[in-house]
Protein chains: 2
Amino acid sequence: MIQPRPRTIPEATVARLAVYLRVLTGLADGGRTTVSSGELASAAGVNPAGLRKDLSHLGSCGVRGVGYDVRALRERIARVLGAERSRPCVLVGIGNLGTALADYAGFGSRGFHFVGLFDASPARVGHTIGGLTVQPMEELETAVTATDASIGVIATPADVAQQVCDRLVEAGVRSILNFAPATLTAPAGVDVRPVDLSVELQVLAFLGQQRAVPAAEVTA
Amino acid sequence: MIQPRPRTIPEATVARLAVYLRVLTGLADGGRTTVSSGELASAAGVNPAGLRKDLSHLGSCGVRGVGYDVRALRERIARVLGAERSRPCVLVGIGNLGTALADYAGFGSRGFHFVGLFDASPARVGHTIGGLTVQPMEELETAVTATDASIGVIATPADVAQQVCDRLVEAGVRSILNFAPATLTAPAGVDVRPVDLSVELQVLAFLGQQRAVPAAEVTA
DNA sequence: AGCCGCTTGTGAACGCAGGAACAAAGTCGC
DNA sequence: GCGACTTTGTTCCTGCGTTCACAAGCGGCT
C-alpha cells in the first residue's frame, strides 16, 4: 500500500489553508455553492496558482471547467486542519490581553474553546469571562489533566512566562501559543509558537520607513 | 560613491532584529556589557550563524574574539528599525482586543504610542484607556492629519474592517496592522500586515496533530 | 614580542517557497 | 454528437532563506 500524498504540508500552506477556510465559510454563509480558484485567491489575497498548489496538497477535489464546491472544500480543509472537532485550550494570564482572548469569538467559531482560565493574582480569581471562572494557578495541573487540554495559551508578563510554560509542559500540554514578549524554551516534542505584537508593529514600521527613504541616510 | 551595503534587509531578518532588540534590552538591564553571538542566539531562539548573518546586514560592529557590545548593538538595531523615536499610531475598534492593545505596555517601550482611539459605538466613546479618550469615528480623519499618524491599527469586527482601512488610507496612513479576521485590499504603496490570532492557533493545532499522527488516517 | 584560542564575518551549498506556463479534463453551445 | 472554452492540476524554473563550514582578526598569556 503506497501513500500517494507526501503526507507533509508546508507550514506556510497550512497558514493559508486557515485563511481559505475563513473565506469559504463566508462564501457559504452568502449562499455561494461553487468558487473558482481565481475568485477564491482574490478573496484571500494570494496568487491563484499558489492557491491551487496549496489545495493540491490535500488531494484536491475541484471540478475542471467549474471550480470548487464551497461546502465540500470547506469540509475537507476543516478535516485536514483538525477543525471539525473543537479542541480544548487553557489560557494563563488574565490581564488585558488575556481577557480579550478569553472573550474572543473568533476562537469558538474556528475549532477552539477554552476550558480553563488561570491567573496568579487573587484579584482576578473568581471573575467570570466568557462563561468561565478564573481559577488560581494552583489548579492549573489538575485542570489540564481533567479536561485533557492539549493547547495552552500564555498571556502573562514576560518574567513568568517561562515558569508557566514549564508547568504547562509538565502537565502534558504539547502545543503552546505564547503572547508574552519572551523567548520560551521547551523540550523536544513541544511546539511553542510566539506571537509578539510589538514585533509585528516594528516590522510594519520598518517597511514603511524603508519605502519612504529609498536611498537616503541610515548611517548618519 | 558606492554603497557597500545592499541597503535591502529581508523581512524575516527584520522580524528577528526586533527580537534581538528585546533580548539586548533585557541584557543591558541586567548589567551585561558584551555578548557573544552564540549566547545571544540562544536567548533569541535562533541559529548562531543566522544571527551573525542578520547582524551583518547592518554593517556589523562586533569585535572578534570578544563578541558584541550590548549597548552599541542595541542602539544600532534601534536606529535601523527606526525605534529611537516613538511613532504615533491610531487605533480603531475599542472592543476587548482594542482595549487590550491600547493598554499594552509593550508598544510604548518599543517605539510606538497611540495618539488616537476610535470606535463607532457611542457606548465606548468618552471612555479613557491608557490616558487617551475614545473618540467617535467622525473625528478619525482630522485626528490622523493633526497628529501625523503614519500607522493605523484595526481591531474592529471583520465586516467593517475594509471601510476603516479605506478611511485610514484616505487620511494618509501608509502602514496598517490588521487584527480583524478579514483580508483587506489597499492601493499600492500601502502596507497591510494581517495578524490573525485564529490562524496562529490553527497552525499550532495542525502541527500538534501532525506530530501525534505520524502516518495514520486523514483520508478516512 | 610571539603564539594560541576564541569569535566574528563571509562564502558556498542545500532546501524551500513562489510564480509562470502547459497539459488534462469537464462542461456548455451548436 | 462534436468542437471550443473554461478551469483545474502539475511541472519547471527562478529567487530567497537557512545552514554549514572556513578564513580573518583580536585579545590574552607566556
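Source: prediction; values computed, not measured. Each chain gets a letter, A, B and so on, in the order the sequences are listed, and its residues count up from 1. Side-chain atoms are counted along with the backbone in the values below, which use heavy atoms only and exclude waters and symmetry mates.
Of the charged side-chain nitrogens involved, none lies within less than 4.0 Å of a carboxylate oxygen, so that A:D69 and A:R76 do not count as a salt-bridged pair. The pair A:E11-A:R16 does not count as a salt bridge, with every side-chain nitrogen at least 4.0 angstrom from each carboxylate oxygen.
Taking atom CG on B:L55 and atom C1' on D:dG17, their separation rounds to 17 Å, with Å as the unit. If you measure from atom CG of B:L73 to atom C1' of C:dG9, you get 14 Å, rounded to the nearest angstrom. Between the CD atom of A:E11 and the P atom of D:dT18 there is a distance of 12 Å, rounded to whole Å. Rounded to an integer number of Å, the gap from CZ of A:R52 to C1' of C:dG18 is 13 Å. In this structure, B:Y20 places its OH atom 13 Å from P of C:dT8, rounding to the nearest Å. Rounded to an integer number of Å, the gap from A:K53 NZ to C:dA23 P is 17 Å. Whole-Å rounding puts the A:L51 CG to C:dG19 C1' distance at 14 Å. One interatomic measurement links the two molecules: CG of A:N47 to P of D:dG15, which rounds to 17 Å at whole-angstrom precision.
Open room surrounds CZ on A:R71; 12 or fewer heavy atoms of other groups in view lie less than 6.0 Å from it.
Side-chain nitrogen and oxygen atoms of B:R16 include at least one within less than 4.0 Å of the OP1 or OP2 phosphate oxygen of D:dT18. B:S56 has no side-chain polar atom (N or O) that falls below the 4.0 Å cut-off from OP1 or OP2 of C:dG9. The side chain of A:S37 contributes no N or O atom lying less than 4.0 Å from OP1 or OP2 of D:dT7. Here B:Y68 reaches the OP1 or OP2 of C:dG9: one of its side-chain N or O atoms lies under 4.0 Å away.
Taking the side chain of A:S36 as heavy atoms from C-beta on, and the options D:dT7, C:dT8, D:dG9, the nearest nucleotide is D:dT7. Residue B:A49 has its side chain nearest to D:dA21 when only D:dA21, D:dA24, C:dT27 are considered. Here the nucleotide nearest the side chain of A:P10, chosen from C:dT7, C:dA17, D:dT18, is C:dA17. Nearest nucleotide to the side chain of B:V66, out of C:dG18, C:dT8, D:dG27: D:dG27.
Between A:R64 and B:V35, the residue anchored nearer the 5' end of DNA chain C, judged by the nucleotide with its closest heavy atom, is B:V35.
Within the 4.0 angstrom heavy-atom criterion, only backbone atoms of the sugar-phosphate kind lie near B:G62; the bases stay farther away.
No donor-acceptor pair closer than 3.5 Å links the side chain of A:Q202 to the backbone N or O of B:L81.
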Kindly indicate, with the supporting measurements, whether the criterion side chain to side chain contact (heavy atoms under 4.5 Å, CB included) is fulfilled by B:L55 and B:H57.
-> CA-CA 5 Å; B:L55 262 46; B:H57 280 129; over 6 Å; no
